[in-house]
Amino acid sequence: MPSAARALCLSLLTLLPLLGAAPTTAVAGRPRPAAEPGQSPPAAGPTGWSLTPAGGGRPSFYAEGTPGTVLRDTISVTNRSAEPVTLRLRGTGLRVTFAGTGVRVPARTRADVPFTVAVPTAAAPGDRSGTIVAQDGHGGTRTVRIRLRVGGPALSALTVERPAVHADRITYELVNRGTTVLVPRLAVRADGVFGRVLDRAPRTLPVRLAPGRRLRLSEPWPDRPALDAVDVRLTVTAPGGARATADTSVRFVPWGAIGAGAAVAAGAAALAVRRRGRGRRTAGAEDEVPRKKVELTGAVT
């Protein structure tokens, strides 16, 4: 018996670790099936609404056109919810026109909305971007990007307009008449009666002038002549062969000094007239002094 009891105890000791390794899991709520090794948990089904380019497979819109052309495409609104949704469509950054800016999409339905993108007639060659924005009644928004490439020849042209001299500076306006962005260079020359009074070599201006843009600028001139008649010429150039000039004339007169001199001369003249008047009055007073009458009473011999 002792040997049998000993064998039974050894068997129990062997089974205890196996019994302790068994899992004891408390599950709250409805149990979920365990995922197999290497498999991701199932994703939630799609809800709400989405905005995408029509046809699928495109994350955004891309179009090419020359200035003045109108490009057409379609955007899709998919409503995956159980309720209808009403949206407002608008474009930003580009000239986007929709077949209808308001669209009502029933539940679990897709609506396709045609739209156009107009390329401005004065658009410069290059890339532009914009977006299509859809917004629901609760403020929720979705956007899709539009990338537009404008074709056409690159033209570099500009004009210099409205030059003028004010106090200690020269003002003028630059206008980009071409189709490319310009970085202009300015040279200034001024000739007076007795020769050149200003001669500045070309220098690059710290501006980037977009096509069609007008920009008002000024050039300092602190050491202008005090008395002279001057002809000023502005010459502006830019890469690509752009060149333009503008002329203006100005007369410098030291009106302050002239005014002060005139005031002094007027004061001196007034003083001289005043003194002359006093002299005349003094002479007249002396002539009016009464003379004593002499009475002759003696005999004549």
Side-chain angles (χ1 to χ4, degrees), residues 66-68 93-95 118-129 149-270:
T66 56
L94 298 171
R95 298 181 182 177
V119 184
T121 55
D127 295 334
R128 286 167 171 73
S129 63
R149 173 160 293 181
V150 181
L155 176 62
S156 178
L158 57 82
T159 57
V160 186
E161 302 177 5
R162 300 178 182 178
V165 179
H166 301 283
D168 60 347
R169 63 189 53 250
I170 305 169
T171 61
Y172 59 98
E173 293 182 3
L174 291 182
V175 185
N176 188 340
R177 303 293 183 181
T179 60
T180 61
V181 177
L182 299 178
V183 179
R185 291 172 58 85
L186 171 69
V188 185
R189 188 185 69 188
D191 295 318
V193 176
F194 301 104
R196 187 153 298 176
V197 295
L198 180 64
D199 192 1
R200 292 181 183 171
R203 65 180 181 88
T204 302
L205 299 177
V207 298
R208 290 177 60 85
L209 199 61
R213 185 185 178 190
R214 177 184 294 271
L215 188 62
R216 184 176 178 83
L217 300 171
S218 65
E219 185 75 7
W221 193 6
D223 55 345
R224 62 180 181 82
L227 178 62
D228 205 345
V230 179
D231 295 325
V232 180
R233 165 162 290 192
L234 305 176
T235 303
V236 180
T237 59
R243 179 183 175 87
T245 61
D247 299 315
T248 186
S249 298
V250 62
R251 297 179 185 277
F252 297 110
V253 179
W255 293 112
I258 293 177
V264 172

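In this chain, residues are counted from 1 in sequence order.
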Step-by-step side chain to side chain contact (heavy atoms under 4.5 Å, CB included) determination, V232 to W221 | CA-CA 11 Å; V232 180; W221 193 6; 4.2 Å; yes
Could you tell me whether the side chain of D228 and the main chain of V193 form a donor-acceptor pair under 3.5 Å?
-> yes
Which heavy atom of P67 sits nearest a heavy atom of V119, and at what distance?
-> CA-CG1, 3.7 Å
Mark yes or no for whether R185, through its side chain, and P202, through its backbone, hold a donor-acceptor pair below 3.5 Å.
-> yes
Got a donor-acceptor contact below 3.5 angstrom from the T66 side chain to the G152 backbone?
-> no
Heavy-atom side-chain proximity of R224 to V197 below 4.5 angstrom = no
If you draw a 6.0 Å radius around CZ in R149, do more than 12 non-hydrogen atoms from other residues or ligands fall strictly inside?
-> no
CG on D247 to OG1 on T235, rounded to 0.5 Å = 8.0 Å
To the nearest 0.5 Å, what is the distance between CZ (R251) and CG (L227)?
-> 11.0 Å
State, to 0.1 Å, how close L182 and P239 come at their nearest heavy-atom pair, and which atoms those are.
-> CD2-O, 4.2 Å
Heavy-atom closest contact (P163 atom, A246 atom, distance) | CG-CB, 3.8 Å
Between R169 and S218, which heavy-atom pair has the shortest distance, and what is it?
-> NH1-OG, 3.2 Å
N176 side chain vs A210 backbone, donor-acceptor pair below 3.5 Å = yes
May I ask you to test the I170-L198 pair for a side-chain heavy-atom distance under 4.5 Å?
-> yes
Kindly compute the distance separating CG (L234) from CD (E173), expressed to the nearest 0.5 Å.
-> 12.0 Å
Go through R189 and D199 one step at a time and tell me if the salt bridge (Lys or Arg N to Asp or Glu O under 4.0 Å) criterion holds.
-> CA-CA 5 Å; R189 188 185 69 188; D199 192 1; over 6 Å; no
Minimal non-hydrogen separation, R128 against L94, with atom names = CB-CD2, 4.0 Å
CZ (R243) with more than 12 external heavy atoms under 6.0 Å | no
Kindly compute the distance separating CG (L155) from OG1 (T180), expressed to the nearest 0.5 Å.
-> 7.0 Å
Is any side-chain heavy atom of L186 less than 4.5 Å from a side-chain heavy atom of Y172?
-> yes
Within a radius of less than 6.0 Å around CZ of R196, do more than 12 heavy atoms belonging to other residues, nucleotides or ligands occur?
-> yes
Taking the side chain as every heavy atom from C-beta outward, state whether L205 and L174 have any pair of such atoms under 4.5 Å apart.
-> yes
When you measure from the side chain of R213 to the backbone N and O of V181, does any donor-acceptor pair fall under 3.5 Å?
-> no
What heavy-atom pair brings P153 and P125 nearest, and what distance separates the two atoms?
-> O-CG, 3.5 Å
